[in-house]
Amino acid sequence: QVQLVESGGGLVQPGGSLRLSCAASGNIFVLNIMGWMGWYRQAPGKERELVARINRGHSPNYADAVKGRFTISRDNSKNLVYLQMNNLKLEDTAVYYCNAAATGRDYWGQGTQVTVSS
């Protein structure tokens with residue numbers, strides 16, 4: 001029904017920046033009613049957590065740990081969502097997953113590794 005393709009992960013030093021991208025494609029009717037899109041992350045041995053999410057006509061939501069450092073944006077006409085990550089910290093190291101929601105179900109990307117290391 002819907003495919004999510006992620007890009008932009010990699011290795012960065014503390015204080016550096018990365019931009020993650022997620023492109024949604026597939027069933028045009030599902031894409032047209034897509035609601036929240038966002039990013040989750042999971043570090044080894046820890047629970048998966050919401051990082052940020054956005055929906056047309058709504059203010060974006062951010063986890064407390066990333067407020068002021070990360071910015072989520074969405075291009076609704078192109079079904080794209082981005083996560084600009086600034087002032088990265090060691091604790092931001094995780095696999096980041098793109099997520100999209102339509103009525104009745106969620107869709108997930110394959111995940112992209114973000115490693116913050118000196």
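All residue numbers in this chain count up from 1 along the given sequence. Just so you know, these numbers come straight off a predicted model, no measurement behind them.
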Nearest-0.5 Å distance that lies between atom CG in N99 and atom CG in L50: 8.5 Å
Non-hydrogen atoms of K67 and Y62 that approach each other most closely: CE-O, 3.3 Å
Interatomic distance, Q84 atom CD to I72 atom CD1 [nearest 0.5 angstrom]: 12.0 Å
Interatomic spacing from CG in L88 to CZ in F70 - rounded to 0.5 Å: 5.0 Å
Check: N55 side chain, P60 main-chain N or O, donor-acceptor pair, under 3.5 Å: no
E6 side chain vs Q110 backbone, donor-acceptor pair below 3.5 Å: yes
Chi angles and distances behind the side chain to side chain contact (heavy atoms under 4.5 Å, CB included) call for S117, L11: CA-CA 7 Å; S117 176; L11 175 65; 4.1 Å; yes
C98 vs V81 side-chain heavy atoms within contact, under 4.5 Å: yes
Taking every non-hydrogen atom, the tightest pair across A24 and L31: CB-CD2, 3.9 Å
Over 12 foreign heavy atoms within 6.0 Å of CG, L90: yes
Matching residue for R41 among V114, V66, V95 - test: side chain to side chain contact (heavy atoms under 4.5 Å, CB included): V66
Derivation of the side-chain hydrogen bond (donor to acceptor under 3.5 Å, both in side chains) call for S73 and D75: CA-CA 7 Å; S73 59; D75 185 335; over 6 Å; no
Q13, CD atom: more than 12 neighbouring heavy atoms under 6.0 Å: no
Gap separating the CD atom of Q1 from the CG atom of N27, nearest 0.5 angstrom: 6.5 Å
Heavy-atom side-chain contact between T112 and S7 under 4.5 Å: no
Spatial distance of atom OH (Y96) from atom CG (L83) [nearest 0.5 Å]: 7.5 Å
Separation between CD of E47 and CD of Q42, rounded to the nearest 0.5 Å: 7.0 Å
Pairing of D92 and K89 as salt bridge, 4.0 angstrom limit: no
Same apolar cluster: Y82 and L18, side chain cutoff 4.5 Å: no
Distance-minimising heavy-atom pair for P14 and S118: CD-N, 3.7 Å
W36 and H58 aromatic ring geometry - parallel, tilted or perpendicular at 30°/60° bounds: tilted
Closest approach of M34 to A100 (non-hydrogen atoms, all atoms of both residues): SD-CB, 3.5 Å
Minimum heavy-atom distance S21-W39, with the two atoms named: O-CH2, 3.6 Å
Side-chain heavy atoms of L4 within contact of Y97, under 4.5 Å: no
Taking every non-hydrogen atom, the tightest pair across A94 and Q113: O-NE2, 3.4 Å
Within 6.0 Å of CD in Q3, more than 12 heavy atoms from elsewhere: no
